[in-house]
Every structure is written in structure tokens, then in C-alpha cells.
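Note on naming: letters A, B, ... go to the chains in the order of the sequence lines (proteins, then strands), and numbering restarts at 1 for each one. Just so it is clear, the model here is predicted, and its values are computed rather than measured.
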Protein chains: 2
Amino acid sequence: MKLDPRHLEILAAVVDNGGVTEAARAIGKSQPSLSRTITLLENRVDRPLFASNKRPLVPTEFCLQLAAEGRKILKANHAAGEIVSSYKSGRSGAVRLAGTPFFMDGVISGMIATFQTLHQDIRIDQSYCYPLDVFADLRNGVLDLGIIPIRASEVPDDMTFDQILRGRNVIACRAGHSLTRKSVVRLNDLTSYPWIAPPVDSPLYHDLRAGLEGIGVKHFKISFTGGSLSAVINVLSESDALTVLPYSVVFRMRPQNRLTALSIRIGDPERHLGILTLTNNRLEPAAKRLMNYITTEFKSLSAIIHHHEQNELWRK
Amino acid sequence: MKLDPRHLEILAAVVDNGGVTEAARAIGKSQPSLSRTITLLENRVDRPLFASNKRPLVPTEFCLQLAAEGRKILKANHAAGEIVSSYKSGRSGAVRLAGTPFFMDGVISGMIATFQTLHQDIRIDQSYCYPLDVFADLRNGVLDLGIIPIRASEVPDDMTFDQILRGRNVIACRAGHSLTRKSVVRLNDLTSYPWIAPPVDSPLYHDLRAGLEGIGVKHFKISFTGGSLSAVINVLSESDALTVLPYSVVFRMRPQNRLTALSIRIGDPERHLGILTLTNNRLEPAAKRLMNYITTEFKSLSAIIHHHEQNELWRK
DNA sequence: TTATTAATATAACCCAAAGTTATGAAGTTG
DNA sequence: CAACTTCATAACTTTGGGTTATATTAATAA
């Protein structure tokens with residue numbers, strides 16, 4: 001005997017409200033509607049649900065048992081509604097984001113941490129990849145947000161790019177490096193130190209080569225390559241090696257006092273950090289929330305960096 | 001956000017069966033029907049339930065959460081179905097029956113006890129009343145079965161009477177009463193003992209008066225009246241008093257060896273014990289079951305009584 | 001009993017949607 | 001890329017839930 005779960009819901013409402021009139025008011029339907037549903041259900045189960053000829057409807061034992069099941073259905077259905085609105089409002093959900101490793105580890109992961117203290121029910125799946133992979137993953141739907149440095153002209157037609165930070169790479173070295181004491185850094189200074197290279201397929205690596213060549217540096221020795229940001233930082237801070245890093249990453253590590261940036265800009269000044277999304281793929285509210293959060297965080301980060309530059313770095 | 005519980009049921013089925021095709025087979029509907037339900041639900045919740053462009057349908061996190069609720073609904077609904085078929089088959093239910101107190105206590109209650117060991121899920125609401133009340137209670141639906149002694153001509157038009165035992169009242173006294181040793185009981189013998197009268201509004205009381213007057217007894221002293229069967233039995237067995245009881249009641253108490261019946265029939269030979277029901281009121285299967293049980297029990301009781309009469313009582 | 005009141009049942013209608021079959025489109029697999 | 005499987009769409013029918021208006025009926029008061 002297969003029943004309509006809606007009928008059981010209504011039955012529960014009628015029993016719990018002591019009659020069809022009240023129940024109708026309670027669930028926002030008309031009295032005749034409920035009345036007929038009850039009759040229909042009675043026919044289905046081939047048995048009366050309420051004592052006949054009683055005006056404050058008095059449920060039979062049988063009816064009470066069914067109503068109990070109806071109550072369970074009502075409860076589960078309500079829970080489902082809660083889930084939906086929780087996702088709708090972005091209180092729950094899952095966001096899949098990916099980005100270049102050094103940015104992710106150096107800046108984004110910290111932001112994600114604070115974001116998650118605010119939204120425990122939003123799950124974040126973070127992965128690392130370079131622009132070309134981000135394009136592919138966004139397109140086949142395994143990714144919601146991509147955080148990458150890119151030139152405006154490189155943004156594919158089907159994607160939207162929201163810039164969050166002006167791109168700027170710097171040459172980084174350990175705090176207290178002898179180069180930091182020089183007021184002017186010459187090319188010779190750069191080539192005399194070993195270099196740590198980011199992963200070879202990363203934009204940073206490209207910037208390293210192109211940037212150094214751009215300022216006339218042709219030959220330089222690479223002492224270490226690959227690995228994660230923390231590996232690079234470790235090597236960098238324990239040696240006199242140089243590397244190229246996004247300035248924001250260096251800036252964020254300022255409190256640790258392990259590295260510093262030389263006042264030499266390097267890399268493509270047209271490439272900026274931003275969030276890449278599929279234009280036609282309406283974002284989950286949760287993803288939108290995270291995106292907004294990161295955007296505003298970067299706004300204040302930019303402001304602080306700007307302020308800092310005015311007061312300290314360039315005054316040196 | 002109010003969802004259709006049927007949609008959640010179907011969602012659960014699809015998730016649990018790994019696709020619409022299998023789910024459709026499982027719940028006995030067409031594949032397009034489920035497919036469209038899913039799309040409809042997706043529109044309602046304004047969010048995809050399955051990853052797009054995947055052929056063995058892969059549910060989203062969100063979908064899984066909703067499906068979990070759907071599973072609860074499915075379960076409750078199934079339980080409701082079980083309740084219905086349990087009532088349908090008469091395995092569960094409630095039976096309200098009433099009858100004259102002495103019959104109920106003396107015969108019926110014992111039968112109910114054994115019936116309930118067979119059907120624990122059938123609740124029995126027993127009460128006591130006399131024919132006129134039984135008529136009324138059957139009519140206003142507070143009673144399913146009435147077990148009363150009645151003449152065929154007295155059965156109301158709207159009721160059905162199924163005889164279960166030929167009526168016969170006897171004069172009862174304690175076992176070992178001096179009257180039992182007399183081969184012939186004369187009127188004088190009857191009037192010289194005190195009488196215990198059943199409740200004044202009972203048929204038995206009427207039988208007592210009418211019966212004694214019928215055989216010429218005009219004056220007799222009543223030493224005790226009212227109370228329940230057990231009170232009457234107690235008084236009867238501790239004294240030399242006489243009373244009128246249904247023979248079946250006396251017979252059933254035979255094993256206790258507390259009372260015995262004199263070989264004098266008394267009362268209305270046209271009035272028989274039977275089960276009274278409303279003709280147009282289809283009985284609950286549970287009630288029908290109890291009715292059948294009582295009927296067959298009485299059949300064997302009659303047979304035993306008959307056998308017993310042939311061999312013992314009337315041979316004295 | 002009868003009149004009043006409140007609750008429920010019925011009627012007649014409309015429309016959303018569930019069910020169907022037939023068919024098209026899109027992944028998956030060899 | 002061809003074959004296969006699985007899902008989506010189209011077009012149509014039918015069920016039944018929603019509505020308002022109205023009739024019944026039970027409880028209550030007079």
C-alpha cells in the first residue's frame with residue numbers, strides 16, 4: 001500500500017490542529033481542500049480516519065498512527081527546506097577554487113582561514129594550478145573560482161576576470177641580505193648570487209627569465225627549483241639566494257621578518273591578480289560569498305601596501 | 001521553501017539507484033517521468049542536483065543532503081503503508097465490545113484473554129451494558145460489537161444478530177447445597193432459601209422475577225442484590241442462597257467447584273445469546289476477527305455443554 | 001424542541017503536474 | 001568513430017489538488 005506523502009503531511013496537520021478548519025489556516029490552504037484530501041485518503045486506506053458524526057473531529061487510533069508518520073514526513077520535509085535556504089543564502093555549500101601555488105599559499109590560504117571561522121558550513125576545496133588548467137577546470141565544471149595573475153587580453157571570451165590586486169613581482173631575498181644595504185642595486189649584484197626558481201611552468205618562472213633578461217641579465221645560476229612556497233622561503237631565508245615573488249606574498253610575510261624585497265620591479269606590469277569565473281555559470285551563493293570576502297580582503301591589503309610603500313619602502 | 005515530499009522521495013530513489021533509469025525501474029515508473037521530476041526540483045531549489053555532463057549521474061553535495069531527507073520520508077511513508085496493511089488484515093486495530101456484565105465476566109473475558117495472546121496488536125475496549133444501551137452505543141458508533149441475550153423479535157431493523165449460544169438460565173447455588181441432594185425440587189424448597197438478585201435493570205433480574213412467578217413462586221426474600229458476578233459468586237458460595245445465572249456461566253465455573261446448577265430451567269426460552277452489530281457498518285477486520293473467534297469458541301463450548309448434559313447432569 | 005452557530009462536506013471549476021510513448025542528444029566504452 | 005547506454009525533451013492525456021460558493025450536520029443555547 002503506497003500512500004501519497006502529502007496526504008500524510010496533511011493528516012498530521014489536521015490531527016495536530018484539531019480539525020480541518022484550523023489546519024487549513026495553519027498550512028495556508030483552504031478548508032475544503034484539506035477536507036477532500038482526508039476523504040480521499042480515507043478511501044485509499046479504505047477505513048475511516050475520524051469518528052463519524054463528531055464535530056470536533058476525533059481521530060481514530062488508526063489515524064493517530066498514520067499521523068505520527070505524517071509528522072515525521074513533515075519534519076524531514078522541513079529539514080530539506082532548511083537545507084535549501086541555507087544553500088540559497090550561502091550559509092552552506094562548497095566552493096572549489098584553484099590558483100597559482102605561491103599566491104595560494106602566501107596570501108589566499110590565510111584569507112580562507114579567517115573566512116572559515118565565519119562560515120563553518122561552507123566547505124572549501126582548494127587546489128593549485130596554472131592559468132591554462134584553470135581555464136579547462138572552470139569549463140568542465142570542476143572549479144568555481146580561479147585566482148591567477150593574467151593579462152586582460154588573455155582572458156578567454158567565456159570568462160570574467162575581476163582584478164583584485166595590481167600585479168607586481170619583486171626580487172626577494174632573506175632579511176639582512178647584503179644587497180638590502182645597497183642603496184642602488186646593479187646588474188652585477190644580481191648575477192653574483194644564486195637564484196631560486198619557481199616551478200618551470202609557472203608564470204613566475206617566466207617572469208624571472210623575462211624580467212632578468214629585460215634588465216640585461218643574461219646569465220644567472222639557479223641553485224634551487226621547484227617545490228612549494230614554504231620550501232622556497234626556507235631555502236631563501238637560510239641562504240643568500242635571490243628569487244622572484246609577488247610583492248603581496250613578501251609583504252604578507254613581513255611580520256615573520258624572514259625576507260625582504262629589493263626595490264627592483266620585475267615581470268609583466270600588465271599582468272594582474274584577479275578572480276576568474278565562467279561568465280555564464282551562475283555562482284553558488286557560497287562561492288559568491290567567498291569571492292566577495294577575498295575581494296574586500298585584497299582591497300584592504302592593497303591599501304595597506306600602498307600606505308606602507310609611501311612611508312617606508314621607498315624612503316629607504 | 002516548501003518542497004513536494006514526493007520529489008524528495010524520488011530524489012532519494014535516484015541517488016540510491018545511481019541514476020534515473022534504474023530508479024524508474026525500481027519504483028515502477030517511466031524514466032522520463034523521473035527525469036522531469038528531477039529537472040523540476042532543480043528549478044524549484046534553483047540549483048543543480050547532479051554534476052552536468054556526467055553520464056552515470058553524479059550527485060552534488062547539496063543533492064546528497066536533500067536525498068537524505070528524502071530517504072527519511074520514504075521510510076516514514078513505508079511505515080505508514082505497513083500500518084495500513086496491518087489494519088487491513090486485522091493484525092492491528094481496536095475492538096470495542098460491550099455486553100451484560102455476568103456474561104462478560106463469566107464467559108467472554110476468558111475468551112478475550114486467550115484471543116489477546118494470539119493478537120497482541122489488537123486492543124480491546126470492553127464495557128458493560130444492557131441491551132438498550134448496546135443499541136444506542138452501536139448506533140452512535142462508540143461500539144463495534146454487543147454481546148447480549150435477546151429475542152429475535154427484539155433485534156432492531158438496522159442491526160444484525162448472530163446467535164452464539166442457546167439461552168438458558170438456571171437456578172444456581174453453592175456446591176454441596178442441600179437442594180442438590182434432592183432428586184425433585186419443589187416450590188417450597190425454593191422459597192425457603194434467600195435469593196441473590198442480579199442488578200435490577202438486567203435481563204437476569206427480569207428472568208428471576210418472571211421465572212419464579214411463572215412456576216408459581218410469588219414471594220421470595222432477596223438477601224443480596226447488585227454487584228458484579230464475582231461478588232454474587234462469593235456470596236453464593238458462602239451461603240445457602242439461590243440465584244439465577246446463565247447456564248454457560250455456571251458451566252464455565254465448574255472447575256472451581258464452587259457452585260452448581262439445579263435442574264430447573266427458568267427465564268425466557270426464546271432469548272438467546274448472540275453478537276449484535278450494525279448491519280450497515282462494515283466491521284474492522286480486527287473486530288471481525290474477534291467476532292469469529294468468540295463464535296467458534298462458543299461453538300465448542302455449546303458442544304461440550306451438550307455432551308456434558310447427556311452424560312452427567314440430567315442423569316442425576 | 002427549535003434556533004443559532006460553527007465546523008465539515010460537497011459541487012463545479014481551473015490548472016499544475018505526473019504519467020505515458022516516441023524520439024533526440026549526449027556521454028562512455030571498445 | 002561506432003555502438004551502446006543513459007538522460008533529456010516533446011506532445012499528449014489524465015489525475016487530482018487548488019479555489020470559491022454552498023449545502024449539511026453537529027454542538028450549543030434558548
Side-chain angles (χ1 to χ4, degrees), chain A residues 2-45 47-60 63 67 70 73-74 77 136 139-142, chain B residues 1-45 47-60 63 67 70 73-74 77 136-137 139-142:
Chain A
K2 169 71 174 168
L3 302 169
D4 189 326
R6 292 174 303 173
H7 292 178
L8 294 173
E9 286 189 346
I10 288 178
L11 184 66
V14 171
V15 168
D16 292 345
N17 287 281
V20 287
T21 308
E22 266 311 300
R25 203 190 329 273
I27 66 180
K29 295 187 177 174
S30 68
Q31 171 267 316
S33 181
L34 301 214
S35 182
R36 191 177 43 179
T37 298
I38 296 297
T39 328
L40 192 62
L41 183 55
E42 279 182 332
N43 293 339
R44 293 270 164 86
V45 302
R47 187 177 319 284
L49 293 167
F50 296 91
S52 54
N53 303 338
K54 287 277 168 255
R55 235 342 90 99
L57 242 39
V58 20
T60 63
C63 171
I73 293 178
L74 221 37
N77 198 349
R139 286 206 184 91
N140 66 25
V142 302
Chain B
M1 171 108 265
K2 169 72 173 164
L3 302 169
D4 190 326
R6 291 173 305 173
H7 292 176
L8 295 173
E9 285 189 346
I10 288 179
L11 183 66
V14 170
V15 168
D16 292 345
N17 286 280
V20 288
T21 308
E22 266 310 299
R25 203 189 329 273
I27 66 179
K29 297 187 177 171
S30 68
Q31 171 267 316
S33 181
L34 300 214
S35 182
R36 192 177 41 177
T37 298
I38 296 296
T39 335
L40 190 62
L41 183 55
E42 279 182 331
N43 292 340
R44 292 271 164 86
V45 302
R47 188 177 319 284
L49 292 167
F50 296 91
S52 54
N53 302 337
K54 289 277 167 256
R55 234 342 88 96
L57 242 40
V58 21
T60 62
C63 171
I73 293 178
L74 221 36
N77 199 349
D137 287 354
R139 286 206 184 91
N140 65 26
V142 301

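- Looking only at distances, a side-chain donor or acceptor of Asn17(A) sits under 3.5 Å from a matching main-chain atom of Ala13(A).
- Between the side chain of Gln31(A) and the base of dA7(C), no donor-acceptor pair under 3.5 Å is found.
- Taking CG of Leu8(B) as the reference point, atom CG of Leu41(B) lies at 6.5 Å (rounded to 0.5 Å).
- Nucleic acid contact for Ile38(B): none, since no nucleic acid atom lies under 4.0 Å from a heavy atom of the residue.
- The closest donor-acceptor contact from the side chain of Asn77(A) to the backbone of Lys2(B) lies at 3.5 Å or more, if one exists at all.
- Between the CG atom of Leu41(B) and the C1' atom of dA16(C) there is a distance of 16 Å, rounded to whole Å.
- Residue Asn43(B) holds its CG atom at 11.5 Å from CD1 of Ile38(B), rounded to the nearest 0.5 Å.
- Atom CZ in Phe50(B) sits roughly 16 Å away from atom P in dG27(C) (whole-Å rounding).
- Between the CD atom of Glu42(B) and the C1' atom of dA17(C) there is a distance of 17 Å, rounded to whole Å.
- Here Arg6(A) does not pair with Glu9(A) in a salt bridge; the nearest charged N to carboxylate O distance is not below 4.0 Å.
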CA sep, side-chain torsions, deciding dist, call: Val14(A), Leu49(A), side-chain contact (heavy atoms from CB on, under 4.5 Å)
CA-CA 11 Å; Val14(A) 171; Leu49(A) 293 167; over 6 Å; no
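- Residue Arg44(B) has a polar side-chain atom (N or O) positioned under 4.0 Å from OP1 or OP2 of dA17(C).
- Of the two residues contacting DNA chain C, namely Pro32(B) and Thr37(B), the nearest-nucleotide position lying further toward the 5' end is that of Thr37(B).
- Rounding to the nearest 0.5 Å gives a distance of 7.5 Å between OG of Ser33(A) and CD1 of Ile27(A).
- Atom-to-atom, CG of Asn43(B) to P of dA18(C) comes out at 12 Å; the value is rounded to the nearest Å.
- Atom CZ of Arg47(B) and atom OG1 of Thr60(B) lie 9.0 Å apart (nearest 0.5 Å).
- Scanning residues 5-29 of chain A for heavy-atom distances under 4.0 Å to DNA chain C yields Gly19(A), Val20(A), Thr21(A).
- A 4.0 Å heavy-atom criterion places the boundary nucleotides of DNA chain D facing chain A at dG16(D) to dA27(D), written 5' to 3'.
- Between the side chain of Arg36(B) and the base of dA17(C) there is no donor-acceptor pair of N/O atoms closer than 3.5 Å.
- Interatomic distance, Ile10(B) CD1 to Ile73(B) CD1, rounded to the nearest 0.5 Å: 11.5 Å.
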